[in-house]
Engineer: 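Could you have a look at this structure, given as structure tokens, before my questions?
Only heavy atoms go into these numbers, but all of them, side chains included; no hydrogens, no water, no symmetry mates.
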Amino acid sequence: MKVILAKSAGFCFGVRRAVELAEKIADGGQPYVMLGPVIHNDHVIADLERRGVGCVTDIGQVPEGCGVIIRSHGEGKAVYDQLAARGVPVADATCVKVAKIHQIVADASRRGRQVIIIGDPAHPEVQAIAGWCTGAKIFRNEGELTVFLEESKENPQKPVTLVSQTTSTDRIWTPCREKVKKECTNAEIFDTICDATCMRQSEAQSLAEQCEAMIVIGDRKSSNTNRLAELCRAHCPLVYHISRAEELDRRKVSGVASVGITAGASTPGWIIKEVKNKMSEENNNTMEIEESFADMLEKSIKTLNTGDKVTGVVTGITATEVNVDLGTKHAGYIPMSELSDDPSVKPEDIVKVGDEIETYVMRVNDVEGVATLSKKRLDSVKNWDTIEAAVEDKTVLEGTVTEDNKGGIVVNVKGIRVFVPASQTGMPRGADLSEMIKEHVKLRITEVNRSRRRVVGSIRAVQAEERAAKAAEVWANIEEGKKYEGTVKSLTSYGAFVDIGGVDGMVHVSELSWSRIKNPAEVVSVGDKVSVYVISFDPEKKKISLGMKDHSEDPWEKFTSTYEVGSVASVRVVKLMTFGAFAEIVPGVDGLIHISQIADHRIEKPGDVLEEGQIVDVKITDIDYDRKKVSLSIRALLNDNRGAEDLEDDVEDEEV
């Protein structure tokens, strides 16, 4: 019997942190109790109680002078407030991912948003999350959520914030998320399922598909362990949920060729080791398979034919070949040229001694007792199957651009050449396609002709889908004042269009800078990375108005704090009118030089003396604080200067 242990079985980071914190307190002899089991595992809780850390279910049961350990599932804000009011020391073992959800819902509640939690209403984690916001709605699945959304259809713009219990499954979360995206126009969606949970569930399902029986270890009160067992049962007919090794009945899995073992996030390593050791010990003692001499003889003389698919075990790797034991009289070997399509790859990166490997028989030499094998050719057959299936399933594949030609580019996808027409590369018309060589790309297969070994794909289709998905996310979460990091896509005479992640917004020329500018190119260029914020948006017309200039800096305040009536300033002439000239004093504040104040003699028009862009010295003659208007004068400054010169002449005459 083959026994396989899942890589991610047992404690996750949050649970390990909680247990280690409780054990540290126990070892230190400090008077603390757990407010509810620190994790869902009776064996761990019993061990902590033996070490002096008891468990209570209510704050009123906490003894005087005793501290409290907050469990990994967390507690509502009211619990923290009550403990603080009593002056009770707190050791917070709340999982950091759960604590992050507390912050999300608390912030949403402060902003008047309706919080929706997808999870089990009776689970302590869900109850704790609800305790950080007001009026939270909790739903187990899409069906319950749909009823609520149907009742709320009169107000589809109601602000909704959606989160999930960390131990939920994608099967439950995904339809709920898509439902809210579709029905609510003002929704915030946070994918708060724990990555460790997703990985553990994915590994368990994969193992269940491979094995004839599965053992799931964990406390029966643990929701994530129960989900593991549920997921495994969908892929494997024999699934046994146990909490300790002594519950394992070896007879139930006798006769199976392979057994997988996984464990919930609250299962300590020593229990997993107990179960694995028991399985291995009994396997060694009672499940040895005895082969008869006749069976071994028949296996040794098994005939190999060219074109067969055979499975063997790697016994050696040299510079020129990989040796494979096929369990027959033939010695199998794979030449390096038949190991992989990639000439730069090392054999050790593909196979290792002891690995089981499936190959294709190229030639059989009965005289020398040698079989020439190919992994590359068998992989090619499988890869063609994958390519053909990708057309039907609309699967997105990945590959590397290897060359360009007159009509487009060639992408290597699993060793198969895929032609991508120039119009489907996602590059602008007339662009140099050679720049894409060695680039890793995603593409969709649009046409396959296996007999002619012709495959056509599209990078542009994937880019369009990704952009549409990003655009949907932007529209689902957009709000006035929200900030984005974007890329300048194009310039017009009236502004700049900025991509904020799948959606283009327009920054009007007046919102690009506090300074008066004529052309957006004075401030930004195509391709620039810029910080913008939303001024307004129209979901129906798909229009977004953006701003770039920093409104936290008021140009008028900067001006009034620097200048006053009588001050002299160097200004830039920005516009000539028939009645005078406007000049920029500081970015965002212009002043008017009336035609009568441009020179100390009569002029026909401002252009006789000034030109746009010219820097001149002026005197500030008036400031209208209510209307935020400033009057400037070159003439007054000239008169001041002339008066100063006359005064100097008078002084010199008196001295003479």
Side-chain angles (χ1 to χ4, degrees), residues 199 202-203 205-207 209-210 306-314 317 321-322 324 332-352 355-362 372-405 407-427 433-466 469:
M199 183 179 296
S202 177
E203 287 182 4
Q205 291 178 91
S206 177
L207 202 54
E209 290 174 348
Q210 301 173 38
T306 300
D308 284 352
K309 293 179 183 178
V310 293
T311 301
V313 177
V314 176
I317 301 173
E321 63 187 41
V322 174
V324 181
Y333 78 96
I334 307 172
M336 285 303 167
S337 60
E338 293 298 324
L339 187 63
S340 171
D341 272 315
D342 188 348
S344 65
V345 74
K346 297 179 180 179
E348 294 84 359
D349 296 335
I350 302 176
V351 293
K352 292 179 175 58
D355 284 355
E356 192 174 79
I357 186 172
E358 189 178 14
T359 61
Y360 171 89
V361 179
M362 293 174 60
T372 306
L373 311 172
S374 173
K375 180 179 183 298
K376 180 174 73 174
R377 297 193 186 188
L378 186 60
D379 288 344
S380 178
V381 172
K382 291 180 178 179
N383 292 338
W384 273 103
D385 292 341
T386 301
I387 292 289
E388 287 183 331
V391 179
E392 295 295 326
D393 300 338
K394 300 187 182 302
T395 307
V396 174
L397 300 178
E398 298 183 24
T400 304
V401 180
T402 56
E403 60 184 275
D404 70 298
N405 54 44
I409 58 173
V410 174
V411 181
N412 184 320
V413 179
K414 297 181 179 295
I416 296 173
R417 288 167 55 89
V418 179
F419 174 70
V420 179
S423 62
Q424 298 301 312
T425 61
M427 296 284 279
L433 298 182
S434 65
E435 294 178 358
M436 296 186 69
I437 293 177
K438 295 185 178 180
E439 188 175 326
H440 191 75
V441 296
K442 295 180 181 179
L443 72 166
R444 193 179 293 286
I445 305 300
T446 57
E447 179 186 338
V448 178
N449 188 322
R450 193 164 182 169
S451 60
R452 297 179 59 190
R453 303 185 70 80
R454 172 180 167 82
V455 185
V456 180
S458 171
I459 298 171
R460 181 181 175 185
V462 177
Q463 292 176 342
E465 290 170 3
E466 290 179 343

Engineer: May I ask you to decide whether Glu358 forms a salt bridge with Lys309, counting only side-chain N to carboxylate O separations under 4.0 Å?
Structural biologist: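 Not counted as a salt bridge, because no side-chain N and carboxylate O are separated by less than 4.0 Å.
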Engineer: Hey, does Val455 have a side-chain heavy atom less than 4.5 Å from the side chain of Trp384?
Structural biologist: yes
Engineer: Can you name the closest pair of heavy atoms from Lys352 and Glu348 and give their distance?
Structural biologist: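 Looking at all heavy atoms of both residues, the closest pair is NZ-O, 3.3 Å.
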Engineer: If every non-hydrogen atom of Ile350 is compared with every non-hydrogen atom of Ser340, which pair is closest and at what distance?
Structural biologist: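 Smallest heavy-atom distance, with atoms named: CD1-CB, 3.5 Å.
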Engineer: Look up atom CG in Leu378 and atom CE in Met362, then write down how far apart they are to the nearest 0.5 Å.
Structural biologist: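 Going from the CG atom of Leu378 to the CE atom of Met362 covers 12.5 Å.
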Engineer: Of all heavy-atom pairs between Leu373 and Glu338, which one has the smallest distance, and what is that distance?
Structural biologist: O-CB, 3.8 Å
Engineer: Heavy atoms, side chains only, cut-off 4.5 Å: are Lys375 and Val322 in contact?
Structural biologist: no
Engineer: Is the side chain of Ser458 donor-acceptor paired with the backbone N or O of Arg444 at a distance under 3.5 Å, no angle test?
Structural biologist: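 A pair under 3.5 Å: no.
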Engineer: Verify, without hydrogens or angle tests, whether Thr402 (side chain) and Val410 (backbone) share a donor-acceptor contact under 3.5 angstrom.
Structural biologist: yes
Engineer: Quick check on side-chain contact (heavy atoms from CB on, under 4.5 Å): which of Thr425, Val441, Val420 does Val401 satisfy it with?
Structural biologist: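 Single pass found, and it is Val441.
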Engineer: For Glu356, I'd like to know if atom CD has over 12 heavy atoms of other residues, nucleotides or ligands within 6.0 Å.
Structural biologist: no
Engineer: If we only count heavy atoms from C-beta on, is the Val411 to Leu397 side-chain gap below 4.5 Å?
Structural biologist: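 The answer is no, as the side chains (C-beta and beyond) never meet within the 4.5 Å cut-off.
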Engineer: Roughly how far, to the nearest 0.5 Å, is CD of Glu388 from CZ of Arg450?
Structural biologist: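 CD of Glu388 is found 4.5 Å from CZ of Arg450.
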Engineer: Looking at every heavy atom in both Glu447 and Arg454, which two are closest together, and how far apart are they?
Structural biologist: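 Distance-wise, the nearest heavy atoms are OE2-NE, 3.5 Å.
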Engineer: State, to 0.1 Å, how close Gly426 and Arg460 come at their nearest heavy-atom pair, and which atoms those are.
Structural biologist: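 The pair with the smallest heavy-atom distance is N-CB, 4.1 Å.
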Engineer: Any chance you could measure Ile387, atom CD1, to Asp385, atom CG, to the nearest 0.5 Å?
Structural biologist: 10.0 Å
Engineer: If you define the side chain from C-beta out and look only at heavy atoms, does anything of Gln424 sit under 4.5 Å from Thr446?
Structural biologist: no
Engineer: Provide the closest heavy-atom pair for Gly457 versus Pro421 in the form atom of the first, atom of the second, distance.
Structural biologist: O-CD, 3.6 Å
Engineer: Enter the distance from Leu443:CG to Thr395:OG1 here, rounded to the nearest 0.5 Å.
Structural biologist: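 Those atoms lie 11.5 Å apart.
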Engineer: Is there a donor-acceptor pair under 3.5 Å between the side chain of Asn383 and the backbone N or O of Lys414?
Structural biologist: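 Judged by distance alone, yes, a pair lies under 3.5 Å.
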Engineer: Does Glu403 reach the side chain of Arg417, with side-chain heavy atoms less than 4.5 Å apart?
Structural biologist: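 They are in side-chain contact.
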Engineer: Between Lys442 and Glu465, does any NZ, NE, NH1 or NH2 come within less than 4.0 Å of an OD or OE carboxylate oxygen?
Structural biologist: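 The answer is no: the pair does not qualify as a salt bridge.
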Engineer: In Å, rounded to the nearest 0.5 Å, how long is the span from CD1 of Ile334 to OG1 of Thr372?
Structural biologist: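 Interatomic distance, Ile334 CD1 to Thr372 OG1, rounded to 0.5 Å: 10.5 Å.
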